[in-house]
Amino acid sequence: MRSRSWGGERSGQALANLALLLGRILIAAIFVPSGFGKLTHIDHFAHVLVGRGVPAPHALAIIGACVEFFGSLAIVFGFLTRYAALLMAAFTLVAALIAHRFWAAAGAAEAAQYTQFMKNMAILGGFLFLFVAGPGRYSIGRGGR
């Protein structure tokens, strides 16, 4: 006896493709404006990195801002999605390690930074799922699938 999914296999696949599109848009929604802001205020971003003790802050500010903005756009549009998802996962991990050092904070700041750090880990997990699943049908690029 053959098992049937609700709505049939075709509608299940259509729903999966729609979920992948919505997931790509939602996971990138935080990164597109943030990356654009960093690109348009690169000196401020570099200054923030100086305060965090990051070496070569201006060069890394340019690299980080480009990765965040263009990587998240690639995710939204489904262009080289698997590569972009790995790149964004690495970016998210590095950003969490630089910006959300809960282990160096105390009291309420420690709790807040821990929450932000774990949020980044959840987003990183989403990028890893996207790496495995690929972009779905509603994407502009077939590469990286």
Side-chain angles (χ1 to χ4, degrees), residues 5-7 9-145:
S5 63
W6 65 275
E9 194 170 319
R10 223 184 256 173
S11 62
Q13 189 59 44
L15 184 59
N17 283 311
L18 186 59
L20 283 167
L21 172 62
L22 184 58
R24 289 194 337 258
I25 292 168
L26 290 173
I27 200 168
I30 193 170
F31 294 100
V32 173
S34 177
F36 183 77
K38 287 179 177 91
L39 277 174
T40 57
H41 299 93
I42 201 74
D43 288 333
H44 174 71
F45 181 40
H47 182 72
V48 169
L49 294 179
V50 167
R52 302 278 183 179
V54 174
H58 198 274
L60 290 178
I62 293 169
I63 292 168
C66 286
V67 166
E68 183 175 12
F69 182 67
F70 295 110
S72 60
L73 283 179
I75 296 292
V76 168
F77 293 113
F79 180 70
L80 298 174
T81 306
R82 290 189 168 162
Y83 303 113
L86 285 180
L87 185 64
M88 291 302 294
F91 172 85
T92 303
L93 176 61
V94 170
L97 293 171
I98 291 171
H100 303 301
R101 301 175 187 174
F102 66 91
W103 55 89
E110 179 183 10
Q113 288 304 319
Y114 178 78
T115 298
Q116 293 301 313
F117 183 88
M118 294 310 293
K119 171 204 48 109
N120 277 34
M121 294 303 101
I123 293 169
L124 190 155
F127 283 129
L128 294 178
F129 272 110
L130 187 57
F131 169 73
V132 171
R137 180 178 180 156
Y138 307 119
S139 61
I140 65 169
R142 302 293 257 177
R145 288 191 73 179

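All residue numbers refer to positions in the sequence shown, counting from 1.
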Novice: If I take atom CG from residue Leu97 and atom NE2 from residue His100, how far apart are they, to the nearest 0.5 angstrom?
Specialist: 10.0 Å

Novice: Is it the case that the side chains of Ser34 and Lys38 hold a donor-acceptor pair, with the cut-off being a distance below 3.5 Å and no angle test?
Specialist: yes

Novice: Would you compute the distance between atom NE2 of His41 and atom CZ of Phe36 and round it to the nearest 0.5 angstrom?
Specialist: 8.5 Å

Novice: Taking all non-hydrogen atoms of both residues into account, name the closest pair between Ser72 and Phe31 and its distance.
Specialist: CB-CB, 3.5 Å

Novice: For Ile30, is the CD1 atom crowded, meaning more than 12 foreign heavy atoms sit under 6.0 Å from it?
Specialist: no

Novice: Mark yes or no for whether Arg82, through its side chain, and Leu130, through its backbone, hold a donor-acceptor pair below 3.5 Å.
Specialist: no

Novice: Using side-chain heavy atoms (C-beta onward) and a distance below 4.5 Å, is Pro135 in contact with Leu20?
Specialist: no

Novice: To the nearest 0.5 Å, what is the distance between NZ (Lys119) and CD (Gln113)?
Specialist: 9.5 Å

Novice: How long is the gap from OH on Tyr114 to CH2 on Trp103, to the nearest 0.5 Å?
Specialist: 11.5 Å

Novice: Check Ala89 against Leu124 and note the closest heavy-atom contact, atom names and distance.
Specialist: O-CD1, 3.5 Å

Novice: side-chain contact (heavy atoms from CB on, under 4.5 Å) for Glu68 and Val32? Distances and angles first, verdict last.
Specialist: CA-CA 7 Å; Glu68 183 175 12; Val32 173; over 6 Å; no

Novice: How long is the gap from CG on Asn120 to OG1 on Thr115, to the nearest 0.5 Å?
Specialist: 11.5 Å

Novice: Is there a side-chain contact between Phe127 and Phe91, using heavy atoms and a 4.5 Å cut-off?
Specialist: no

Novice: State the NE2-CG distance between His58 and Leu49, to the nearest 0.5 angstrom.
Specialist: 10.5 Å

Novice: For a side-chain contact (heavy atoms from CB on, under 4.5 Å) with Phe77, tell me which candidate from Leu80, Thr81, Leu73, Ile75 qualifies.
Specialist: Leu73

Novice: Which atoms form the tightest heavy-atom contact between Met88 and Val67, and what is the distance?
Specialist: SD-O, 3.5 Å

Novice: Would one find more than 12 heavy atoms of other residues, nucleotides or ligands at under 6.0 Å from atom CZ of Phe102?
Specialist: yes

Novice: Side-chain contact, heavy-atom cut-off 4.5 Å: Gln13 with Arg137?
Specialist: no

Novice: Mark yes when over 12 heavy atoms from residues, nucleotides or ligands other than Tyr138 sit less than 6.0 Å from its OH; otherwise mark no.
Specialist: yes

